[in-house]
Amino acid sequence: MSAQPLAEAAASIASPAHPLAQQLGHPLAASAASLVQSVDWLAVAPPLIAAVVALGVLVADLFLPESRKNVLGWISVAGLAAAALMLLPLLDGDRATFCLTGAGSGTGAGPGSVTGAPRACSYAADHFTLVIQLLVLGGALLAALLSITTLDDDRRRVPPGEFWFLLLSATAGAALLPAARDLATLIVALEVASLPAFALVGIRHGDRRSAEAALKFFLSSVTATAVSLMGVSFVYASTGTLYLTQVAQRLPDTPGQLHTLAQTGVVLTLIGFAFKTAAVPFHFWVPDTYVGAPLPVAAYLSVVGKAVGFSGLILVTVVAFPSYADVWGPALAVLAALTMTVGNVGALRQQATRARSAVRLLAWSSVGQAGYLLVPIAAAGYAKDAQKAIGSTVAYALMYAAVNLGAFAVAAVVGRGRAGNRISDYRGLYATNPVTALLMAFFLLCLAGLPPGIIGLFAKVTVFSAAVGAGLGWLAVVMAVNVVIALFYYLQWTALLFRAPEGETVRHRIPAPLTAAIALAGVAGVALSGAPQLVLRFAATGLF
């Protein structure tokens with residue numbers, strides 16, 4: 001049956017004069033009619049394009065000869081670029097779809113609200129969604145450029161069709177998650193983003209390290225999902241709704257006999273997302289997973305995987321559980337302090353001559369950076385203006401995404417000539433690849449928060465000010481100490497780039513896709529350093 005006759009039938013049943021409406025009662029019949037609604041295809045276009053291209057790549061893989069498989073990579077890059085471009089038409093205003101349309105749904109006057117009640121929708125393309133989707137699709141695009149070279153070098157052990165299908169599928173889920181405005185869609189998007197990532201980590205045939213990394217990643221993520229689902233079920237049982245805005249309204253008025261159930265649900269949901277953000281003590285899977293995975297997959301997880309976890313954590317805390325800010329605010333503050341400390345100490349302990357020490361240091365560094373990202377979210381539990389605090393996290397995430405992907409891209413260049421990818425292998429890089437060495441130094445200084453990486457310094461200052469503004473002086477002190485710790489290993493690595501090389505110098509040939517990835521990351525970092533104030537303004541304006 002086509003949509004038009006179906007809508008007419010539903011409207012006919014909803015009419016008070018219809019016998020079925022008289023038998024069932026008009027409000028119930030009206031709710032049946034409300035199930036038929038139009039879909040805002042423009043709003044859902046970014047994740048939808050990624051999903052459609054994923055299916056197209058999988059089908060095309062069946063018909064392409066082995067010599068033409070590299071076409072799949074460029075199709076995937078084009079699809080990700082098209083998905084990112086579809087964000088432009090959405091900048092004119094907030095959009096929402098899959099919304100409740102019956103009485104009391106919160107629809108009516110105003111952009112998403114009536115009589116002050118928030119609109120209950122499952123998908124919202126607001127400013128927060130667009131910023132995170134830009135981060136996700138841009139990060140996936142750079143990871144895809146890195147992957148083209150990696151697949152050319154390691155085609156025998158990495159099947160191209162399956163790889164691109166999994167990468168695009170994970171990206172589709174990651175782009176869907178920041179738009180989710182009900183708990184069910186949030187969990188589904190989280191799993192769509194996570195499940196393909198397990199396979200990506202262990203996709204290299206015959207690699208025991210890759211298989212072990214995938215297993216650790218899988219077990220930790222499944223545990224997080226189970227905990228999150230239990231928490232969501234408790235919240236639903238307490239409030240009778242899955243929509244985030246309605247959960248926020250009903251949680252404060254939970255009946256006394258359900259109060260303990262609601263508290264337990266909030267705590268379990270937060271613990272589940274703490275796993276996804278690699279917060280300490282739920283970080284144990286990160287170093288081995290990054291080392292065992294193909295380098296582009298590690299780069300993808302370090303940026304897009306974190307964006308998924310942090311956007312989900314922001315939605316459940318600030319949007320769904322604001323009435324429990326006295327619970328999640330202190331908890332996230334403690335997690336932030338532990339995460340940044342353990343991550344930076346772990347990075348500091350890495351030995352330069354150890355095999356794959358460069359990737360392992362970046363892994364521990366990403367744990368430390370996750371601690372910084374948690375600080376403004378914790379501050380939102382104390383601050384009067386939660387959006388401003390959350391804007392600091394979003395601004396920091398944008399900076400981190402650009403420069404961290406750039407650092408992984410340079411690691412991919414060095415790894416082509418030296419399979420061990422030790423930190424000591426970067427000694428004398430300036431003598432063989434001056435531009436690459438300068439960009440690597442810029443990326444590391446951005447991560448450290450030192451000039452000329454102005455965007456790194458600016459991002460750390462905004463996070464620091466968010467903690468001070470919320471009255472979390474002790475957390476600001478912990479952050480300052482950790483910034484000093486991080487300076488040591490970032491500067492040590494940077495200095496190594498410009499030392500005289502030992503032995504015979506090896507010039508690293510850089511393929512075009514890898515050159516494009518490094519150049520894009522460098523341009524993004526330099527542009528953000530040139531106008532750092534625009535980042536916070538763009539990230540913090542009208543998030544929700």
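Values below: all heavy atoms of this structure, side chains included; hydrogens, waters and symmetry mates excluded. Remember, predicted model here, so these are calculated numbers, not experimental data.
The CD1 atom of Ile455 sits 10.5 Å away from the NZ atom of Lys460 when rounded to the nearest 0.5 Å. Between the OG atom in Ser221 and the CG atom in Leu190 there is a gap of 7.0 Å [rounded to 0.5 Å]. With values rounded to the nearest 0.5 angstrom, Leu177 atom CG is found 9.5 Å from Ile132 atom CD1. Of the inter-residue distances, the one linking Asp40 atom CG with Leu90 atom CG reads 8.0 Å to the nearest 0.5 angstrom. Note that CD1 of Ile314 is 11.0 Å distant from CZ of Phe273, once rounded to the nearest 0.5 Å. For the atom pair Asp126 CG and Arg181 CZ, the distance stands at 4.5 Å (nearest 0.5 Å).
Looking at Phe165 and Leu55, their side chains come closer than 4.5 Å, going by heavy atoms from C-beta outward. In this structure, Leu145 and Leu520 have side chains that are in contact, with non-hydrogen atoms separated by less than 4.5 Å. Annotation: side chain of Tyr243 is not in contact with side chain of Leu183 (no heavy-atom distance under 4.5 Å). Using a 4.5 Å cut-off on side-chain heavy atoms (C-beta onward), Leu373 and Ile377 make no contact. A heavy-atom distance below 4.5 Å is not found between the side chains of Leu146 and Pro513. Considering only heavy atoms from C-beta on, Leu335 comes within 4.5 Å of Pro281 through its side chain. Put simply, the side chain of Ser365 reaches to within 4.5 Å of the side chain of Gln369, judged on heavy atoms. Using a 4.5 Å heavy-atom threshold, the side chains of Thr225 and Ser194 count as separate.
Nearest heavy-atom pair across Phe163 and Ile203 is CA-CD1, 3.7 Å. Of all heavy-atom pairs spanning Tyr290 and Ser302, the tightest one is OH-CA, 3.1 Å. In this structure, Ala298 and Ala293 approach most closely via the heavy-atom pair N-CB, 4.3 Å. Nearest heavy atom pair, residue Val286 against residue Ser366, reads CG1-OG, 4.0 Å. Of all the heavy atoms in Ala174 and Pro178, the pair that sits closest is O-CD, 3.0 Å. Minimum interatomic distance between Ala82 and Ile49 (heavy atoms only, all atoms of both residues): O-CD1, 4.2 Å.
Other residues, nucleotides and ligands contribute at most 12 non-hydrogen atoms within 6.0 Å of the CZ atom of Phe218.
Relative ring orientation between Trp285 and Phe217 is described as parallel, the plane-to-plane angle staying below 30° on a 0-90° scale split at 30° and 60°.
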Would you please test Tyr123 and Leu176 for side-chain contact (heavy atoms from CB on, under 4.5 Å) and show each step? CA-CA 8 Å; Tyr123 187 102; Leu176 172 62; 3.6 Å; yes
Could you walk me through whether Val297 and Leu301 pass side-chain contact (heavy atoms from CB on, under 4.5 Å), step by step? CA-CA 6 Å; Val297 176; Leu301 292 175; 4.3 Å; yes
Quick one: do Arg209 and Val291 satisfy side-chain contact (heavy atoms from CB on, under 4.5 Å)? Show the steps, please. CA-CA 8 Å; Arg209 184 182 294 105; Val291 170; 3.8 Å; yes
Could you walk me through whether Asp61 and Trp164 pass the side-chain contact (heavy atoms from CB on, under 4.5 Å) check? CA-CA 10 Å; Asp61 180 56; Trp164 293 115; over 6 Å; no
Dump the intermediate steps for side-chain hydrogen bond (donor to acceptor under 3.5 Å, both in side chains) on Gln246 and Thr239, then the final yes or no. CA-CA 8 Å; Gln246 292 186 348; Thr239 61; over 6 Å; no
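No side-chain donor from either of Lys306 and Tyr400 sits under 3.5 Å from a side-chain acceptor of the other. With hydrogens and angles left out, the side-chain atoms of Lys276 and Ser228 include no donor and acceptor closer than 3.5 Å.
Only one option out of Leu80, Val77, Leu405 pairs with Leu142 in a side chain to side chain contact (heavy atoms under 4.5 Å, CB included); it is Leu405. Screening Val367, Leu374, Val375, Val280 against Met340 for a side chain to side chain contact (heavy atoms under 4.5 Å, CB included) leaves a single residue, Val375.
Residues forming a side chain to side chain donor-acceptor pair (under 3.5 Å) with Thr254 (at least two apart in sequence, or on another chain): none. Checked against ring-ring contact (aromatic ring centres under 6.0 Å, His included), Tyr324 has no partners two or more places apart in sequence or in another chain.
Of the possible donor and acceptor atoms, none in the side chain of Thr339 sits under 3.5 Å from a partner among the backbone N and O of Ala279. Looking at Trp328, its side chain does come within 3.5 Å of a backbone N or O of Phe321 through a donor-acceptor pair. Looking at Ser323, its side chain never comes within 3.5 Å of a backbone N or O of Ala248 through a donor-acceptor pair.
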